Amino acid sequence: MSLDEFGLVARYFTRPVPERQGVGDDCALLDVDATTLALTTDMLVEGVHFFPGAEPDALGHKCLAVNLSDLAAAGARPRSFLLALALPAADPTWLEAFSRGLFALAQEHDCHLIGGDTVRAATRGGPLTVAITAIGEVDPGMVRGRAGARPGDDIWVSGWLGEAALALAVRRGELPAEALGAEAETCFRRMDRPQPRIALGRALAGLATAAADVSDGLIGDLGHILERSGVGAEVIWDDVPRAPAFAGLGTIRQQHCILAGGDDYELVFTAAPENRDAVRAAGARSGVAVSRIGRIEAAHGLRLRNAAGASIGDTLKAFNQFPT
Ligand code: ADP
Ligand code: MG
């Protein structure tokens, strides 16, 4: 029997816990006295999550960014992080640039490196592996995970999706950079230096009923919310915002990148319809656009439709670490 990433975790690594929130959400939540801590860990492996020889300054940024993005989903304020490195070599030039990128983002979010571990990679030459555990704080009355979506809730996304997937397609040689015109730089930046939506995540405290960051693609990450919440959804493709980079590209490419492309680190979240204005205000306050793309329904499953109501794209699958 073959298991995908989520089936594997569900089967072997999920046990009942006394904590407020455990396996299955972007962050675990621990109550410590009057404080609620949000914890998350994400590992990036050379050749799997980034290309060998990736620019170290950008890599330092990204390794922390993907963790802060999980804190954003939970609405947490970053506080500190731990850094575990498996290094193929101790190269001062590389370490200097990596730590610069890492600390620049850490400082931006007032998040402090408080420990970690450093080991030699198993074989000479790699693979370089970076694992970060990030710790944040949530207002105890404002916790949220992926399980709170209710039928009738609106579904929202922040910013634009799919630009990182376009950059990946170019790097893999599947798409000429010229196809993106002047937007190519923007797409590469999205892939290499994602901006965790910390401000929005916090501004949505008390408004969003459920949230996840879009690390594996909209369909996959919204799917986690639906599964955890025991609900289904209708998403209107025409309402999902398009980045300018998609202007000259075909529908299949657009759908693939925007609905199933990973690495964008935007937020997908749900909120009651009476809070539409408040959600838009939270977006404006945080300097990020928010778009309403669908509705939570009681019937399980994700239904993708165009503006005319016709079903589309049901064959799209989100990126999965261990596809079956
Ligand atoms: P994210 O993309 O937000 O980092 P994932 O979707 O990859 O989270 O993981 C889903 C859930 O499974 C998370 O709650 C994560 O903490 C949990 N998880 C993943 N791997 C393991 C593991 N080896 N042991 C326990 N929990 C795990
Ligand atoms: Mg996440």
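All figures in this text were calculated on a predicted structure; none of them were measured in a lab. Whatever order the structure lists ligands and atoms in, that order sets their numbers, starting from 1.
With a cut-off of 2.8 Å, the Mg ion (ligand 2) has no N, O or S atom of Asp221 in range.
Asp117 has its side chain out of reach of Leu85: every pair of non-hydrogen atoms, C-beta onward, lies at least 4.5 Å apart. In this structure, the side chains of Asp192 and Lys62 stay at 4.5 Å or more apart for every pair of heavy atoms. Two residues are said to be in side-chain contact when any heavy atoms from C-beta on lie closer than 4.5 Å; Glu55 and Phe50 fail this criterion. In this structure, Leu168 and Asp263 have side chains that are not in contact, with every pair of non-hydrogen atoms separated by 4.5 Å or more.
Of all N, O or S atoms in Asp213, the one lying closest to the Mg ion (ligand 2) is OD1. Sorting the N, O or S atoms of Asp26 by how far they are from the Mg ion (ligand 2) puts OD1 first. Summary: OD1 is the N/O/S atom of Asp70 found nearest to the Mg ion (ligand 2).
Looking at Asp110 and Arg77, no side-chain N of the basic residue comes within less than 4.0 Å of a carboxylate O on the acidic one, giving no salt bridge. By the 4.0 Å N-to-carboxylate-O rule, Asp153 lies too far from Arg150 to be salt-bridged with it.
Taking each of Ala212, Gly145, Ser215 in turn, the one with a heavy atom nearest to atom 2 (O) of ligand 1 proves to be Ser215. Compare Gln21, Glu5, Arg146 by their heavy atoms: the one nearest to atom 8 (O) of ligand 1 is in Arg146. The nearest non-hydrogen atom to atom 4 (O) of ligand 1, considering only Val23, Asp70, Thr41, comes from Asp70. The closest heavy-atom contact to atom 24 (N) of ligand 1, among the options Tyr12, Phe6, Phe13, comes from Phe13.
Here the heavy atom of the protein found nearest to atom 11 (C) of ligand 1 is Gly24 N, 3.6 Å. The protein non-hydrogen atom at the shortest distance from atom 13 (C) of ligand 1 is Asp25 O, 3.2 Å. Among protein heavy atoms, atom 27 (C) of ligand 1 sits closest to Val9 CG1, 3.6 Å.
Taking the ring axis of Trp156 as reference, the NZ or CZ atom of Arg197 does not stay both within 45° of it and closer than 6.0 Å to the ring centre.
Looking at Glu183, Glu185, Glu163 one by one, the single match for salt bridge (Lys or Arg N to Asp or Glu O under 4.0 Å) with Arg190 turns out to be Glu163.
Under the 4.5 Å side-chain heavy-atom criterion for Ile, Leu, Val, Met, Phe, Trp and Tyr, Leu200 and Leu71 are members of distinct hydrophobic clusters.
Listed by number with element, the atoms of ligand 1 under 4.0 angstrom from any heavy atom of Asp42 are 4 (O). The ligand atoms of ligand 1 that sit less than 4.0 angstrom from a heavy atom of Asp26 are 3 (O).
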